[in-house]
Amino acid sequence: MSEQTGYDKYELVVGLEIHAQLSTKSKMYCGDSAEFGAAPNTQVSPLSVGHPGTLPRVNKTAVEYAVKMGLATNCTIREVNEFARKNYFYPDLPKGYQITQDKTPICTDGYLTFEAEGKEKTVRIQRIHMEEDAGKSTHDLDPYFTLVDLNRAGVPLIEIVTEPDIRTSEEAYQYVTEIRKLVRFLEICDGNMEEGSLRCDANISVRLKGEQILNTRVEVKNMNSMRNVKRAIEVEFKRQIDLVEAGGVVVQETRGFDANTGKTLEQRSKEFAHDYRYFPEPDLPPVVLHEDYIENVKSNMPKLPKQLIWEYVNHFELPEYDARVITDDKDLAFYFNDLLKLTNNYKAASNWLLGPVKSYMNENGLEIHQFALKPVKIAELITLIDEGKTNFSVASQKIFPSLVAQPGKTALQIAEELNLLQSSDEGMIKGLVEGVLNSMPDKVAEFKAGKKGLMGLFVGEVMKASQGKADPKMTNKLLNELLQ
Ligand code: MN
């Protein structure tokens with residue numbers, strides 16, 4: 001049996017858990033700042049570390065963000081939300097427990113549909129619950145000690161847990177991409193995996209194709225980029241098959257992915273698994289969400305990528321390709337939405353955004369929110385072209401760069417200053433056309449005898465005579481009339 005056939009007999013079964021750090025101003029259960037990047041241990045009051053006598057209270061914005069994510073993933077939102085203590089000690093969790101939700105997660109029974117490998121894929125979402133983050137341990141800064149920064153202790157998280165519906169590493173990759181897009185559109189999390197604001201763990205098992213059972217799963221952690229999620233799943237899939245094929249058994253354990261070696265390594269086996277001894281958090285009353293509250297959150301949700309794609313294609317008659325590229329990036333989509341309000345030439349708007357604007361940002365390593373030109377400037381450029389005052393190549397190559405350098409001016413001012421306005425003054429262009437035709441009677445005769453290719457020469461000569469400013473449409477029209 002070849003190696004390839006060996007792997008082909010098996011099917012991958014993956015469920016994902018994603019922790020998303022919510023971008024609230026304060027922490028989940030107290031008013032300490034949740035801002036990232038402050039000096040270590042400067043955002044830690046006795047509440048953050050749960051000193052005796054302190055009382056937690058729930059961050060309302062975090063609840064709203066969790067509801068938004070639940071609605072975006074088609075979940076049922078729970079009315080009575082209780083909190084629970086999950087007990088374990090770790091240096092970055094000195095209070096000895098995490099306040100989370102156990103039996104009453106705020107969102108349940110949702111799903112997410114997305115494209116993977118050219119097909120529509122649906123992954124069921126089992127639950128989304130609210131909890132708090134632990135602090136951050138740093139092992140490589142001091143030669144002897146592990147350093148702990150508790151600024152992150154208590155920062156709000158939602159944990160999004162899927163059913164084991166994922167069958168390929170590419171589906172996992174696309175699922176995480178979709179979740180990241182959603183949290184960004186909802187503006188509830190910055191979605192940055194490298195900085196740890198979006199963290200993904202995978203529960204991975206294998207089974208023979210055609211089987212319906214779920215075999216023992218291994219939890220893989222530490223996949224700190226989208227690419228590593230994919231790599232880790234592929235590596236763990238093969239490791240488990242190799243193990244089974246060699247007569248071994250997969251044991252329930254937690255493994256970490258090492259991006260340098262591309263391998264998963266044992267971190268914790270079942271014997272050492274924590275017994276979290278969940279119990280209801282005695283210091284927090286349940287959070288009760290009424291129907292009108294949920295309706296209110298729903299009505300304040302922004303349009304999400306799926307809906308935007310539908311609108312771009314059906315209302316604005318844009319190609320689906322344009323719609324997809326624009327909605328891949330929240331800031332680009334929001335910019336485009338503003339631009340659509342300022343022009344009726346939707347295709348031109350999309351062409352400008354995906355053409356000159358995107359190239360400019362790529363060349364300069366910028367994100368759209370750092371881009372000097374507001375949508376109104378792009379709308380001005382489009383108007384200038386639509387009014388026949390310039391053409392796309394002059395506008396994109398000459399006016400656009402100057403406008404970026406002087407964003408306080410209008411596109412028209414720049415065009416005037418650079419003497420780039422094209423003329424559609426019929427009398428003036430007619431004079432030029434007549435001049436050109438009179439200066440080359442032989443060519444005119446040849447044209448009339450059937451050499452229609454000479455039209456290009458005539459247009460070029462008129463352009464030259466006008467120093468590039470004659471409106472090409474008008475020039476063509478007049479040449480055609482005078483050459484009758
Ligand atoms: Mn968790």
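We count ligands from 1, going down the list as the structure has it; atoms in each ligand are counted the same way.
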Taking both backbone and side-chain atoms into account, decide whether His19 has an N/O/S atom under 2.8 Å from the Mn ion (ligand 1).
yes

Could you tell me whether Lys238 sits above the aromatic face of Tyr7, with NZ or CZ closer than 6.0 angstrom to the six-membered ring centre and within 45 degrees of the axis?
yes

Can a cation-pi geometry be assigned to Arg85 and Phe279, taking NZ or CZ under 6.0 Å from the six-membered ring centre and within 45° of the ring axis?
no

Taking the six-membered ring of Tyr173 as reference, does the NZ or CZ atom of Lys230 fall below 6.0 Å from its centre and within a 45° cone about the axis?
yes

Can an N, O or S atom be found in Glu17 less than 2.8 Å away from the Mn ion (ligand 1)?
no

Name, closest N/O/S atom of Glu131 to the Mn ion (ligand 1):
OE2

Taking distance alone, no hydrogens or angles, what donor-acceptor pairs closer than 3.5 Å link side-chain atoms of residues 369-379 to residues at least two apart or in another chain?
{"unit_1": "Gln370", "atom_1": "OE1", "unit_2": "Glu367", "atom_2": "N", "d": "2.6"}
{"unit_1": "Lys377", "atom_1": "NZ", "unit_2": "Lys409", "atom_2": "O", "d": "2.8"}

Suppose we only allow N, O or S atoms; which atom of Glu159 ends up nearest to the Mn ion (ligand 1)?
OE1

